[in-house]
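We number each residue from 1, following the sequence as shown. In what follows, every heavy atom counts, from backbone to side chain, and hydrogens, waters and symmetry copies are set aside. Every value quoted in this text rests on a predicted model; they were computed, and no experiment measured them.
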Amino acid sequence: MLNPMVAALKQAEKAAHIEEVPVGAVIIYNQKIIAQAHNLVCQSHDPTAHAEILALREASKQLKTPYLDGCDLYVTLEPCAMCAAAISWARIKRLYFGAYDPKGGAVEHNAKIFDYSFHKPEVIGGIYEKECAELIATFFKAKR
C-alpha cells in the first residue's frame, strides 16, 4: 500500500493543478485506502467540498455506514472547524495531518473542536509537514 500521507499529497497536487486550494485526504480501513479526495470547492461551487468531507462521504458509501470507527484519516492540512466537526461525527479513529494551520485550523488552533466534541479521535500532526506546507505556500504565492 502506498504511504497514506504520500497518497494525500498526490491528491493535494491534483487540486493545485485545477486551481483548487491544494488539500488532499485519504481514509484507511483495514490497512487499505478506501477513499481519497482533494478540494473541489470552486469546481463544484460547493463551500463544503473540502477534501476531508469528500473523503468521509466516499468512505461512508464504501462501508455503508456513517460511522467510520475503525478508519484513519490522513489530510495534508490541519482541518478547519467544519471538517473537524464532521470528523468527530464520523467517529474517525485517528487523524493524521501534515501542515499546521494557525489561521484556519480548528484541531490544534482556534476553536479546537475536539475539545468540545462527543468523539475525539487520536490526533497526530506534522506528518510530512514541510512538504504539505510548501505545497500550500507555493499555491498562494502564485495567487498573489
Side-chain angles (χ1 to χ4, degrees), residues 1-63 66 68 70-144:
M1 175 180 73
L2 180 63
N3 175 316
M5 191 55 84
V6 170
L9 272 164
K10 287 180 186 281
Q11 287 294 315
E13 290 167 358
K14 286 182 181 182
H17 288 303
I18 59 170
E19 298 299 311
E20 292 280 357
V21 175
V23 177
V26 169
I27 296 182
I28 304 294
Y29 180 70
N30 285 339
Q31 300 180 337
K32 293 180 184 171
I33 293 175
I34 62 163
Q36 48 190 328
H38 53 78
N39 276 3
L40 287 174
V41 172
C42 296
Q43 295 280 314
S44 65
H45 310 289
D46 179 357
T48 69
H50 289 199
E52 301 95 308
I53 300 295
L54 298 174
L56 290 169
R57 288 175 184 162
E58 180 59 30
S60 290
K61 284 181 190 174
Q62 293 293 322
L63 298 178
L68 305 174
C71 295
D72 295 338
L73 170 61
Y74 291 77
V75 62
T76 57
L77 184 66
E78 177 183 351
C80 70
M82 173 183 69
C83 293
I87 290 163
S88 176
W89 283 108
R91 301 179 189 163
I92 288 289
K93 184 176 182 179
R94 280 184 290 271
L95 166 65
Y96 299 89
F97 69 85
Y100 290 85
D101 186 1
K103 184 177 176 184
V107 173
E108 300 287 338
H109 296 90
N110 304 305
K112 297 185 179 178
I113 294 295
F114 297 142
D115 288 351
Y116 307 97
S117 299
F118 77 96
H119 172 77
K120 180 179 182 174
E122 181 181 344
V123 177
I124 301 97
I127 310 293
Y128 283 73
E129 180 179 6
K130 182 180 176 202
E131 295 84 349
C132 295
E134 282 177 2
L135 190 57
I136 294 277
T138 301
F139 176 81
F140 282 112
K141 187 176 182 180
K143 294 285 182 195
R144 294 183 179 114

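Between the NZ atom of Lys120 and the CD1 atom of Ile92 there is a distance of 16.0 Å, given to the nearest 0.5 Å. Taking OH from Tyr74 and CG from Leu9, the interatomic distance works out to 13.0 Å, rounded to the nearest 0.5 Å. If you take NE2 on His38 and OG1 on Thr76, they are separated by 11.5 Å, rounding to the nearest 0.5 Å. One finds the NE2 atom of His50 at 6.0 Å from the CG atom of Asn39 (value rounded to the nearest 0.5 Å). Distance CG/Leu77 to CG/Asp101: 4.5 Å, rounded to 0.5 Å. Distance CD/Gln62 to SG/Cys71: 10.5 Å, rounded to 0.5 Å.
Residue Pro79 comes nearest to Ala84 through the heavy atom pair CB-N, 4.1 Å, listed as atom of the first residue, atom of the second, then distance. Lys93 and Asp72 make their closest contact through CB-OD1, 3.8 Å (heavy atoms, listed as atom of the first residue, atom of the second, distance). Of all non-hydrogen atoms in Val21 and Ala15, the two that sit nearest each other are O-CB, 3.6 Å. Residues Val26 and Gln36 approach most closely at CG2-CB, 3.9 Å, considering heavy atoms. For the pair Ser88 and His119, the tightest heavy-atom approach, listed with the atom from each and the gap, is OG-O, 2.8 Å. Considering all non-hydrogen atoms of both residues, Ile27 and Ala55 come closest at CD1-O, 3.4 Å.
The shortest side-chain heavy-atom distance between Leu54 and Leu40 falls under the 4.5 Å cut-off. For the pair Ile87/Leu68, no side-chain contact is recorded, criterion being any heavy-atom separation below 4.5 Å from C-beta on. Taking 4.5 Å as the limit, every side-chain heavy atom of Pro4 sits out of range of all side-chain heavy atoms of Ile33. Within the 4.5 Å cutoff, side-chain heavy atoms of Phe114 are placed close to those of Pro121.
Glu20 contributes a side-chain N or O that, together with a main-chain N or O of Gln43, makes up a donor-acceptor pair within less than 3.5 Å.
Side-chain contact of Asn3 with Tyr128: a donor-acceptor pair under 3.5 Å is present, judged by distance alone.
Annotation for Phe139: atom CZ counts as buried by contact number, over 12 foreign heavy atoms lying within 6.0 Å.
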| said: The test is side-chain contact (heavy atoms from CB on, under 4.5 Å); show your working for Leu135 and Glu13 and say whether it passes. | reply: CA-CA 8 Å; Leu135 190 57; Glu13 290 167 358; 4.1 Å; yes
| request: Carefully, step by step, assess Phe97 and Leu73 under the rule side-chain contact (heavy atoms from CB on, under 4.5 Å). | output: CA-CA 8 Å; Phe97 69 85; Leu73 170 61; over 6 Å; no
| task | Before giving the answer on side-chain contact (heavy atoms from CB on, under 4.5 Å), spell out for Val107 and Ile113 the whole-Å C-alpha distance, their side-chain angles and the decisive distance to 0.1 Å. | result | CA-CA 6 Å; Val107 173; Ile113 294 295; over 6 Å; no
| query | Under the side-chain contact (heavy atoms from CB on, under 4.5 Å) criterion, do Met82 and Thr48 qualify, and how do the steps go? | reply | CA-CA 8 Å; Met82 173 183 69; Thr48 69; 3.9 Å; yes
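Classification of the Tyr100-His109 ring pair by plane angle, with boundaries at 30° and 60°, yields perpendicular.
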